[in-house]
Structures are given as C-alpha cells and as structure tokens.
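To find a chain, count down the sequence lines: A is the first, B the second, and so on, and within it residues start at 1.
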Protein chains: 2
Amino acid sequence: MNASAKPERTRLSAEDWEDAALRLIADQGVGALAVEALARQLGVTKGSFYWHFRTREALLQAALERWEQYGEKEIITQIESMPDPLARLPELFRRVAHELAPHRVYAALLKALDHPQVVPVMARVSQRRLEFLTSIYREAGLVPEEALNRARLTYAAYVGFLQLNFTLGLPRISHEEFDAYVEHMIRTLTPG
Amino acid sequence: MNASAKPERTRLSAEDWEDAALRLIADQGVGALAVEALARQLGVTKGSFYWHFRTREALLQAALERWEQYGEKEIITQIESMPDPLARLPELFRRVAHELAPHRVYAALLKALDHPQVVPVMARVSQRRLEFLTSIYREAGLVPEEALNRARLTYAAYVGFLQLNFTLGLPRISHEEFDAYVEHMIRTLTPG
DNA sequence: TCGTTACCATACGCATGAGTATGGATTGCG
DNA sequence: CGCAATCCATACTCATGCGTATGGTAACGA
C-alpha cells in the first residue's frame, strides 16, 4: 500500500533517475519533469535526488545524452546489410512503422524544441537520420540532389505523422487503415 | 524611454490582449504566456488584465478561438476557384511555401499538444485542412482511398517541415535550395 | 566492530507567477 | 458640469517548485 507501485528498490543510482526521467518525458513531456514528482514516483524524496545530481538541468542533460546513446544503431546496420538496395527503403518504412514505442521520446522532445537543452540533441539525431536516409536513397538510384530532397520529404513525413497521429489524436486511424497508409507511402516515396 | 516600445495606446480592449497573446505564442510558445509578462509588453499591469479576463486560461481560450477564426478561408476559396484541377496542387504548395509568417502560430501550437486547451483547436484545424487536401486530390483524379492517404502524407510532410526547419534549425536551408525542395515535393506528391 | 562512505529524510529559504482587494484615474453621457 | 461606468495601479495572498542545510541510516572495508 505504498505511494509508488514500482519494484521497491532499496537504493537508487543516477541511471535509475535518468531512466525514470525518460519515462516521464515520454508520457508527460519535458515540461512535466519535476524533481519532487520524480521522487514521489520512485518512492523517495528530493534528498536522494540532490545527492545524485547537482540540479534539475543536470538530470535533463544526462537523460538526453543517455537517450541519444541508445540510438538507432541496430536498425541502421541491419538495413545496410541488406543486399538489394531497392528493398531497403520498404523494409525500413515497415520496420519503423510497426515499433511505436521507441518514437515516444522523440515525439515528446519534438514538442520541447523551445528548450535550449533539447535543441542540440534533436539537431544531432535528426541530422544523422537524415544523412542515413539520403545515403539509402542514393543507393536506390537517385542523384545526390534528388536523394537529399527525397530524404527531407520522407523524414518530414515521419515527424509530421508523429505529431498528428501520436500526440494529437486525429480520428484515431485503425490498424488496417494504418497499414494501407504505410504501403501508400512506400509506393509514393520509393523509387523503382 | 518607456519600458515598452509599443505604439503607446492609452486604453486596451480584450482583443488587444488576445492579439498580444498570439504574438507572444508565435515567438515564445504557449508556455511563455504569462499575464505579468504580457502586461509589461503592453505597458500596463495585471490590474488591467483581470478586468478583461477572468483568468489566464480564459485568455488562452479566447486567443485560440480568435486564431481559429482568422482561418485559411481566402486561400481555400482562391484555390478552389481555379479551373484546372491538376494545377491546383502545385499552386497550393507554392503559395503556402512562400508565406512563412502565418505558420508561426501553428508551429508553436504544434509544440503545445500536451496542453488540453490547444488539442481540440488543433484537431479541428488540422482535420479541416486534411479534408480540403483530400478533396483536391480527388479532383486531381485519385480514387478516394488514395486521395485520403496522399493527403495524410502531404499534410504530415508539411507539419514535419515546420518542426524541422522552422523550430529546429537544421543546417539552415538556403532560399534556392528551399525552392528546389518545394519543386521536388510537387513532382513527388502530385499526380499527373 | 567500528568508522567511513554512500544514500536518503526533514525542514527550511527563496523566487516566480496566478489570482484578489481596493482605490485611483479616465472616458462617455445626461 | 458631474456622475457612472470603464479601465488601470498598487499591494497584497497563496501555491508551486527549485535548491540548501543538516542530520539520520544502511552498506562495506579494515
């Protein structure tokens, strides 16, 4: 009958706080990142927090860097290892379309682009993904300029979809309808 | 040598406050909407504000509704009056691409989708625009389902572009590069 | 076992920002 | 002119949330 329903750890580490911060950011936004709220959620008080971190700002910074590390290395290497360049884009689209969870933090950070601390992180992550997309389009046969613009278009569509259907709840698209949308997107944005 | 560089009005109306609120939202986000800050900017104090509005929430609500009214009627009627259905989409894309100012409030509200008051407004506006886009695609020859999905894709690309290049400052695209991107987008997303 | 280090609770101070109370100034109108 | 209604200033209260000070308890090595 404790205040928190969490696994009742006895002692906490800095990483525990960072993970909790990322969870909170994922479903309430960075604006909701308050130390006393986090402490309650972890079943401790502020006294604990200020032992691990000098300030709230420091926690946010650490959490963001931790998130940036986890990255998207696996999916990038897996896609790049595919022999047929033309098959990479459809596979990539279907993959990212069907794992919604990892995008929740990204969607939350998208809404915090006024915050000075998240801007550089998002800039780096988005830039890396954009370059990856561009290279895939090049390998699929587009000339450099076309590849870059198509990558911009594709990534913008991804980001916009997150905002419109994830955060905002437009008419709540169904599962089959979503699959049809993804296939339409593949036909429209993929060369060949 | 007054605190505010504004036109020095002697008396204010509720509409003045709503306009000021929208300006502030446009370049600092809804989170920065504070009554004392607004009052300073208008050269008055809170005493004035609480005569016109019952609460901060009421101001935000009024400002949002005001913004929703201004709407996009002109551009919609202008596009719909074009005789050639196939020419409408390129024209629409070029038009919205070259007037950046009106999108600033929309971009700011996009980042405030955690806020209960902005969600319904954004849902209505986005839904209307999406239906308009869908009808244009239908008139351009796409079958209903294709038209809807293409409209979703196009609008998502629009929203994502706002986030990536407006709010976030990815490598700061140049003017010529932007025009090339728009033309690429027209070629890719437009039938015919 | 004893002390040192790591971890946490309690109780503060302090700044910010919303909302209230009340009185003063200005405008329109009879 | 003079009185109401309109508009605004000043001076509060109150809640929230960051950060600090300080003392307490659990873990671990010598």
Please determine, for the side chain of B/H52, which listed nucleotide (D/dC12, D/dC18, D/dC7) has the closest atom? D/dC7
Backbone N/O of B/E74 and side chain of B/T77: donor-acceptor pair under 3.5 Å: yes
Interatomic distance where CZ belongs to B/R56 and P belongs to C/dT16 [whole Å]: 17 Å
Rounded to the nearest angstrom, tell me the gap between atom CD in A/E57 and atom P in D/dG19. 8 Å
Between B/R66 and B/D19 (side chain of the first, backbone of the second, donor and acceptor by atom type, cut-off under 3.5 Å), is there such a pair? no
Just say parallel, tilted or perpendicular for the rings of A/Y106 and A/Y155, cut-offs at 30° and 60°. perpendicular
Nearest to side-chain heavy atoms of A/W51, which nucleotide of C/dA9, C/dC7, D/dT20: C/dC7
Report the nucleotide, chosen from D/dG19, C/dA9, D/dC12, that has the shortest atom-to-atom distance to any side-chain atom of A/T55. D/dG19
Whole angstrom is fine here: how far is it from CG in B/D16 over to P in D/dC8? 9 Å
If I take atom CZ in residue A/F53 and atom C1' in nucleotide D/dC18, what distance separates them, rounded to the nearest angstrom? 16 Å
Minimum-distance nucleotide (side-chain atoms of A/T45 versus D/dC18, D/dC8, C/dC8): C/dC8
Can you tell me how the ring of B/Y158 sits relative to the ring of B/H103, calling it parallel under 30°, perpendicular over 60° and tilted otherwise? perpendicular
Confirm from the modelled atom types if B/R11 and C/dT27 form a donor-acceptor pair under 3.5 Å, side chain to base only. no
Atom CD of B/E15 and atom P of D/dC7 are separated, to the nearest Å, by 11 Å
Could you tell me whether the side chains of A/Q127 and A/E131 share a donor-acceptor contact shorter than 3.5 Å? yes
DNA chain C: 5'-proximal contact among B/G47 and A/W17 (nearest heavy atom): A/W17
Specify the separation, in whole Å, of atom OH of A/Y50 and atom C1' of D/dC18. 5 Å
Take the protein atom CZ of B/R40 and the nucleotide atom P of C/dA18, then report the distance between them rounded to whole Å. 10 Å
Looking only at side-chain atoms of B/V44, point me to the closest of D/dC8, C/dA9, C/dA18. D/dC8
How close or far is atom C1' of C/dG17 from atom CG of B/L59, stated in whole angstroms? 15 Å
